[in-house]
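Note: hydrogens, waters and symmetry copies are ignored here, and every other heavy atom, side chains too, is used. No experiment lies behind these values; they were computed from the predicted model shown.
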Amino acid sequence: MEEITGVVPTTSTPYSEFKNNLDKVVAIKGTIHNIRDMSDFAFILVRTARELIQCVYSPEFSDYRLNETVVEQAAAKVTGKVVKSETRDGSERYELQIHNIEILSSPAAIPPVVISKKQVTCELSVNLDNRPVTLRNPKERAIFKIQEGIQRGFREYLQSQNFTEIHSPKINFAGAEGGTNVFKLDYFGKTVYLAQSPQLYKQALVPVYERVFEIAPVFRAEHHDTSRHLNEYISMDFEMGFIDSFTDIMNMETGALKYIMNLLKMEYAPEVELLKVDIPEINTIPCVKFKDAKALCVKKLKNITDMKDFEPEEEAFLGKWAKQQFNSDFLFVTHYLSKKRPFYTMDDPEDPEVTLSFDLLFRGIEITSGGQRIHDYNEQVEKMKKMGMNPDEFETYLMLHKYGAPPHGGLGLGLERLTMHLLGFKNVRYATMFPRDINRVSP
RNA sequence: GGCCCUAUAGCUCAGUUUGGUUAGAGCGCCAGCCUGUCACGCUGGAGGUCGACGGUUCGAGCCCGUUUCGGGUCGCCA
């Protein structure tokens with residue numbers, strides 16, 4: 001066995017380590033991604049956790065002789081010397097002169113779709129059917145590395161702001177929020193429901209920890225068959241106490257988004273480059289009141305019928321407007337109508353028709369819903385009655401208010417939707433590793 | 001769920017004026033060649049119940065009906 005003289009690159013010390021090992025012998029473990037057989041030599045691209053490393057086989061310096069076991073998708077340990085690549089464009093790159101290849105595992109069949117090219121070219125449903133394989137493609141996996149960066153940024157920023165990370169139960173006895181449909185489940189003979197939001201739990205924890213957040217799946221039994229709906233998705237939620245105004249929540253979100261975008265630029269550069277991600281610049285995010293935004297839409301667009309909410313066309317228009325007017329990819333729309341918001345939303349004391357709530361539009365699509373919550377017990381009970389709900393059914397939830405809650409508020413952010421719009425996809429499923437929708441529960 | 005579109009090789013798609021012998025291409029796969037590729041290139045080869053069922057016709061990938069799968073769009077929302 002040849003002596004290893006260099007530092008072995010691992011998933012934590014990847015390709016960038018190469019230049020520190022120039023002319024030294026290292027061993028890398030990875031999957032054979034592509035083989036370009038030239039004449040009496042060959043290029044073998046090895047796929048490691050985050051990049052492709054070019055290895056060169058030639059009888060000149062390889063003790064090993066290529067054989068039929070060296071195939072795409074075989075797991076291998078490749079030993080060799082780190083040298084500078086000959087590149088046509090003169091860019092500085094390094095490669096491995098193969099001394100030896102040890103095959104660690106061999107595939108039983110060739111992949112059903114081509115994953116060794118730059119792009120996976122099959123259609124979405126075929127891609128999803130073959131997810132365990134198609135995700136191996138560098139561009140496909142970069143999507144979910146970016147998604148990891150988004151949730152990591154959300155977590156790190158909130159931790160820096162003294163938020164406590166929580167996990168609320170996903171199996172619940174009460175249907176809780178209502179409005180949208182919940183999945184029913186048999187639970188030892190009782191009917192229980194899958195959580196459609198951590199809302200009630202994160203509010204309950206405000207008097208405990210003051211600031212809490214959760215990144216977790218939520219379940220919606222909606223019969224929507226669209227390019228932006230999932231029946232299970234990752235919700236990034238936070239809730240904070242002792243706020244002076246619901247603008248505190250918007251400021252916190254602005255801070256989190258700034259942090260996330262910066263983190264992507266700094267630590268996810270290979271993926272950002274590979275996917276040509278257009279990372280938005282965020283300074284301050286402009287705000288517009290719902291009724292002003294609606295007036296603008298009515299003025300500029302035809303056939304506006306729903307005066308209580310926005311249609312997709314209106315959101316798209318407001319996105320363009322924010323870009324032109326404020327040079328912002330983001331736009332807060334505030335003071336939504338009381339009747340269109342959930343029962344826990346606080347009404348504006350100056351105008352009870354509207355709420356102290358907001359949505360965040362990103363490039364013309366809604367990604368967040370948030371606002372200030374009712375903290376006074378009697379006020380919450382009254383609002384429930386007004387909305388035709390029975391407060392007795394919400395006894396556990398109302399313990400929050402009954403035994404004292406500070407002024408508070410929070411928001412929920414759909415991780416897949418944010419990923420989708422950041423990467424410019426037309427379908428949320430491209431930004432979902434294993435989507436669960438009305439027709440798909442596998443793989 | 002409503003409306004519109006589609007289904008041909010493992011994948012992505014052609015299949016023509018008017019239905020007519022053995023249904024084509026690119027990628028992938030297999031074999032051979034190529035001294036630096038980087039979506040390598042070149043030559044050759046294998047690979048098809050034309051989604052399924054029924055109908056019209058001397059004859060259907062093509063026309064008609066039914067059905068299933070897939071895509072788009074709308075209801076709602078993150």
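- Here the side chain of Glu72(A) is nearest to one of C38(B), C29(B), A39(B), namely C29(B).
- The partner of U57(B) is absent, by the rule that a Watson-Crick or G-U pair needs both atom distances under 3.5 Å.
- Taking atom P in both A14(B) and A25(B), the straight-line distance is 16 Å, to the nearest Å.
- Nucleotides U21(B) and G26(B) have their C1' atoms positioned 27 Å apart, rounded to a whole Å.
- In the set C38(B), G70(B), G75(B), the nucleotide with an atom closest to the side chain of Thr226(A) is G75(B).
- Side-chain N/O atoms of Arg417(A) and base N/O atoms of C77(B) include a donor-acceptor pair closer than 3.5 Å.
- Side chains of Glu271(A) and Leu264(A) form no contact here, defined as non-hydrogen atoms less than 4.5 Å apart.
- Under the 3.5 Å distance criterion, the side-chain polar atoms of Ser58(A) are left unmatched by any main-chain donor or acceptor of Phe41(A).
- Leu274(A) places its CG atom 12 Å from the P atom of A39(B), with the value rounded to the nearest Å.
- The nucleotide whose nearest atom lies closest to any side-chain atom of Leu230(A) is, among C27(B), U37(B), A78(B), A78(B).
- In this structure, U35(B) makes no Watson-Crick or G-U wobble pair, since no nucleotide meets both defining distances under 3.5 angstrom.
- Residue-to-nucleotide proximity on RNA chain B shows that, of His229(A) and Lys426(A), the 5′-proximal contact is made by Lys426(A).
- For the OP1/OP2 pair of G72(B) and a distance below 4.0 Å, the side-chain nitrogens and oxygens of Asn427(A) include at least one atom meeting the criterion.
- Open room surrounds NZ on Lys291(A); 12 or fewer heavy atoms of other groups in view lie less than 6.0 Å from it.
- Among the nucleotides G28(B), A78(B), C38(B), the one closest to the side chain of Lys117(A) is G28(B).
- Separating the CD1 atom of Ile438(A) from the C1' atom of G2(B) is a distance of 13 Å, rounded to the nearest angstrom.
- Atom CD1 of Ile35(A) is separated from atom P of C27(B) by 18 Å (rounded to the nearest Å).
- Pair check for A7(B) finds U68(B); Watson-Crick or G-U wobble, both atom distances under 3.5 Å.
- Atom CZ of Phe330(A) and atom P of A78(B) are 17 Å apart (whole Å).
- Distance, Asp359(A) CG to C77(B) P: 10 Å, rounded to whole Å.
- Here Asn34(A) lies in heavy-atom contact (under 4.0 Å) with sugar-phosphate atoms only.
- For the pair Val428(A) and His229(A), the minimum side-chain heavy-atom distance is 4.5 Å or more.
- C38(B) atom P lies 14 Å from atom CG of Asp37(A), rounded to whole Å.
- Glu123(A) has its CD atom 13 Å from the C1' atom of C5(B), to the nearest Å.
- In this structure, Ser235(A) reaches neither bases nor backbone, as no heavy-atom distance under 4.0 Å exists between it and the strands shown.
- Residue Thr368(A) places no side-chain N or O under 4.0 Å from the OP1 or OP2 atom of A78(B).
- In this entry the distance linking CG of Asn137(A) with C1' of A39(B) reads 11 Å, nearest Å.
- If you take atom P in U49(B) and the same atom in G41(B), they sit 29 Å apart, rounded to whole Å.
- Across A9(B) and A23(B), the matching C1' atoms stand 11 Å from one another, rounded to whole Å.
- For the pair Phe326(A)/Trp321(A), a side-chain contact is recorded, criterion being any heavy-atom separation below 4.5 Å from C-beta on.
- Closest approach to the Val56(A) side chain among U35(B), U12(B), G36(B) is made by G36(B) (side chain taken as heavy atoms from C-beta onward).
- A 4.5 Å side-chain heavy-atom check between Arg141(A) and Arg47(A) finds at least one atom pair inside the cut-off.
- In the interface, the side chain of Glu95(A) is paired with the base of G36(B) through a donor and an acceptor atom under 3.5 Å apart.
- Nucleotides C50(B) and U37(B) are separated by 44 Å at their P atoms, to the nearest Å.
- Distances were taken from every side-chain heavy atom of Ser369(A) (C-beta onward) to each of G36(B), A78(B), G70(B); the shortest belongs to A78(B).
- Nearest nucleotide to the side chain of Phe43(A), out of G10(B), A78(B), U37(B): U37(B).
- Inter-residue side-chain proximity for Phe238(A) and Gln161(A) is flagged as unmet; no heavy-atom pair is nearer than 4.5 Å.
- With contacts defined as side-chain heavy-atom distances shorter than 4.5 Å, the pair Tyr193(A)/Lys184(A) qualifies.
- If you check C11(B), G71(B), A78(B) against the side chain of Val126(A), the one that comes closest is C11(B).
- Rounded to a whole angstrom, the distance from the C1' atom of A7(B) to that of G44(B) is 32 Å.
- The separation of U68(B) from C27(B), taken at their C1' atoms, amounts to 29 Å, rounded to a whole angstrom.
- Comparing C11(B), G36(B), A78(B) by their closest approach to the side chain of Glu222(A) singles out A78(B).
- Separation of the P atoms belonging to U18(B) and U22(B) is 23 Å when rounded to the nearest angstrom.
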